[in-house]
Amino acid sequence: MYSAQLLDHFQNPRNAGEIPDADATAEIENPACGDVLRLSLKISAGRISQAQFKAKGCVAAIACGSALTELVVGKTLNQARNLQREDVIAFVGGLPQASTHAAQLALDALSAALSRIKA
């Protein structure tokens, strides 16, 4: 049902936790399923230098949170803003249709965090 990449991100989440002195933090909840994702970002020279997440939810939500942190580190703010749900889904090796909400939750948290950064 889940790809090897997705299961690896679930079993060995990357960048789990919180950045104490984050430049931006956002917590998003999916009201339909109850999954919650908290994302914190550190910005340096216009790029995301660090990203950490905490998630409470299904296997896919935790895996997508982990994947998102790897996808955004090193990107400019505009590059991060341009990430699509399909980018997260591809990075975890695909998602069952019923789990695509997890990739959207990760992107919604990213969007909310980026909106808190002063330009």
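Atom CZ in R81 sits 13.5 Å away from atom CG in L107 (nearest 0.5 Å).
Under the 4.5 Å side-chain criterion, counting only non-hydrogen atoms from C-beta, I89 is in contact with T100. Contact of the L37 side chain with the E27 side chain is not registered, since no non-hydrogen atoms from C-beta on lie closer than 4.5 Å. Looking at heavy atoms from C-beta onward, L6 lies in side-chain contact with L95 at the 4.5 angstrom threshold. No side-chain heavy atom of T69 sits less than 4.5 Å from a side-chain heavy atom of L71. With contacts defined as side-chain heavy-atom distances shorter than 4.5 Å, the pair I43/D23 qualifies. Using a 4.5 Å cut-off on side-chain heavy atoms (C-beta onward), I19 and L41 make no contact. Side-chain contact between L83 and V88: absent, with no pair of heavy atoms (C-beta onward) separated by less than 4.5 Å. Inter-residue side-chain proximity for D8 and Q5 is flagged as unmet; no heavy-atom pair is nearer than 4.5 Å.
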Handout entry: CA sep, side-chain torsions, deciding dist, call: L110, L68, side-chain contact (heavy atoms from CB on, under 4.5 Å)
Key = CA-CA 8 Å; L110 175 62; L68 181 74; 4.0 Å; yes
Exercise for the section: With side-chain contact (heavy atoms from CB on, under 4.5 Å) as the test, would you mind laying out the steps for H101 and C58 before giving the verdict? Expected result: CA-CA 10 Å; H101 68 279; C58 65; 4.0 Å; yes
Practice task
Check step by step if side-chain contact (heavy atoms from CB on, under 4.5 Å) holds for R38 and F53.
Solution key: CA-CA 5 Å; R38 181 176 181 85; F53 83 103; over 6 Å; no
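A side-chain donor-acceptor contact under 3.5 Å links S66 to the backbone of R14. A donor-acceptor pair under 3.5 Å links the side-chain atoms of Q79 to the main chain of T76, judged by distance alone. The closest donor-acceptor contact from the side chain of S40 to the backbone of E18 lies at 3.5 Å or more, if one exists at all. Using modelled atom types, one side-chain atom of R47 and one backbone atom of G74 make a donor-acceptor pair closer than 3.5 Å. In this structure a side-chain-to-backbone donor-acceptor pair under 3.5 Å is present from Q84 to N82. Formation of a donor-acceptor pair under 3.5 Å by the S3 side chain with backbone atoms of V92 is found in this model.
When the salt bridge (charged side-chain N to carboxylate O under 4.0 Å, His left out) test is applied to D35, no partner is found at least two apart in sequence or on another chain.
Nearest heavy atoms, A16 versus Q52: O-NE2, 3.1 Å. In terms of heavy atoms, I62 sits closest to G57 at CD1-O, 3.7 Å. The minimum heavy-atom distance between I48 and V72, with the atom names listed, is CB-O, 3.6 Å. Taking all atoms of both residues into account, the shortest heavy-atom contact from A109 to A26 is O-CB, 3.6 Å. The heavy-atom pair separating C64 from A106 by the smallest distance is O-CB, 3.9 Å. The minimum heavy-atom distance linking S99 with Y2 is given by the pair OG-OH, 3.7 Å.
In the hydrophobic clustering of this structure, I117 groups with I28; members are Ile, Leu, Val, Met, Phe, Trp, Tyr whose side-chain heavy atoms approach within less than 4.5 Å, directly or through other members.
Within the structure, side-chain hydrogen bond (donor to acceptor under 3.5 Å, both in side chains) contacts touching residues 105-116 (residues at least two apart or in different chains) are Q104-D108.
Within a 6.0 Å sphere centred on NZ of K54, other residues, nucleotides and ligands contribute 12 heavy atoms or fewer.
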